[in-house]
Amino acid sequence: GENVEQHPSTLSVQEGDSAVIKCTYSDSASNYFPWYKQELGKRPQLIIDIRSNVGEKKDQRIAVTLNKTAKHFSLHITETQPEDSAVYFCAASIGSSNTGKLIFGQGTTLQVKP
Amino acid sequence: NAGVTQTPKFQVLKTGQSMTLQCAQDMNHNSMYWYRQDPGMGLRLIYYSASEGTTDKGEVPNGYNVSRLNKREFSLRLESAAPSQTSVYFCASRGDRGSGRAFFGQGTRLTVV
C-alpha cells in the first residue's frame, strides 16, 4: 500500500542554522507533496507544497525539493528562528492531485534553540 | 467562511459506547478526510471521500464507519469504542480547483476509558 516515511523524528538546531527534513514515498503515482506545520494544540497548517512536474520550490526561508526518480522529497528551512519550533509533516497525494488520497509521514519535531 | 468545523472538541467515552464525530466544510470542496493523530505516529488516514456519494478506506479503518451525508458533511462513527481509539481526530477537506491544499478542522480529543 501507499506509505510515506519521514526522517528524522526529532531535530534540534541552533537559531540561525538550517534544518532539513526528508521524506520518501512508495507509490510512483504520487503527484502532489505538501508540507504542514503543527504547533502544540493546534491544527496542521500548510507551509509549502510541490507538484510532481516541478523539481524545486522556494518561499522566503522555506524550500522543498523533489526527486521523482528516487521517490524522495525534502523540506529545507534556512536561518531558523525560535518560532519555527513545531512538528512538521510531509504528505503525498495519490490519484487526482487535488482530491486524491493524502498520506502523511510520521512527523518531525523541530526545536530551534535561541 | 468558517472553513472546516468539527464537533465536539472534547469527548470522554466508556468502553463499548458509540458516538459520531461531525465534520462540515463551507468551501465547496469535493474531498473530505478523517485522520487520527497519536504521539509518534503522525496523521493516519482512517477514511476519505473523494466526492459526494463515495467513501474509501484509508490506512486504519478498522473500528470506524463514515457517512458522506452531502457535499458539506462527512461524519465518523465509532460503533463500540475501545481504549485503543483514544486519540485526536482531525477532519480535512480539499477542493478540485486551486492548489490542492488540505484544510483541517480544529480537532476532536477523544478519550475512551
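Chain letters run A, B, ... following the sequence lines, proteins first, then strands; residues in each count from 1.
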How about [X]: does its [atom1] atom have over 12 heavy atoms from other parts shown lying under 6.0 Å from it?
X     : atom1 : value
A:Q60 : CD    : no
B:K71 : NZ    : yes
A:E15 : CD    : yes

Report yes or no: do [X] and [Y] belong to one cluster of Ile/Leu/Val/Met/Phe/Trp/Tyr joined by side chain heavy-atom distances under 4.5 Å?
X     : Y     : value
B:L43 : A:V87 : yes
B:Y89 : A:F89 : no
A:I48 : A:V20 : no
B:Y47 : B:V4  : no
A:Y25 : B:Y48 : yes

Practice problem: Would you please test B:F103 and A:Q45 for side chain to side chain contact (heavy atoms under 4.5 Å, CB included) and show each step? | Solution: CA-CA 7 Å; B:F103 292 81; A:Q45 299 275 6; over 6 Å; no
Heavy-atom side-chain proximity of [X] to [Y] below 4.5 angstrom:
X      : Y     : result
A:L102 : B:Y33 : yes
A:I103 : B:E59 : yes
A:S93  : B:R94 : yes
A:F104 : B:M41 : no

Quiz item: Heavy-atom distance under 4.5 Å to chain B: side chain of A:Q38, backbone, both or neither?
Solution: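 Contact with chain B: side chain only.
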Quiz prompt | Contacting moiety of A:P34, where chain B heavy atoms sit under 4.5 Å | solution =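 Answer is neither: A:P34 stays 4.5 Å or more from chain B.
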Quiz item: Looking at B:K57 and A:K101, what are the two nearest heavy atoms and their distance?
Solution: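 The pair with the smallest heavy-atom distance is O-NZ, 3.9 Å.
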Can you name the salt bridge (charged side-chain N to carboxylate O under 4.0 Å, His left out) partners of [X], sequence neighbours left out?
X     : answer
A:K22 : none
A:D17 : none
B:R72 : none

Quiz item: What's the spacing between A:Y32 OH and B:R101 CZ if we round to 0.5 Å?
Solution: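 That separation rounds to 8.5 Å.
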Measuring heavy-atom distances to chain A, does [X] have an atom under 4.5 Å in its side chain, in its backbone, in both, or in neither?
X     : answer
B:F90 : side chain
B:L45 : side chain
B:V88 : neither

Practice problem: Give me the contact list for residues 105-114 of chain A versus chain B, heavy atoms only, anything under 4.5 Å, ordered by residue number. | Solution: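 Interface residues of residues 105-114 of chain A: A:G105, A:Q106.
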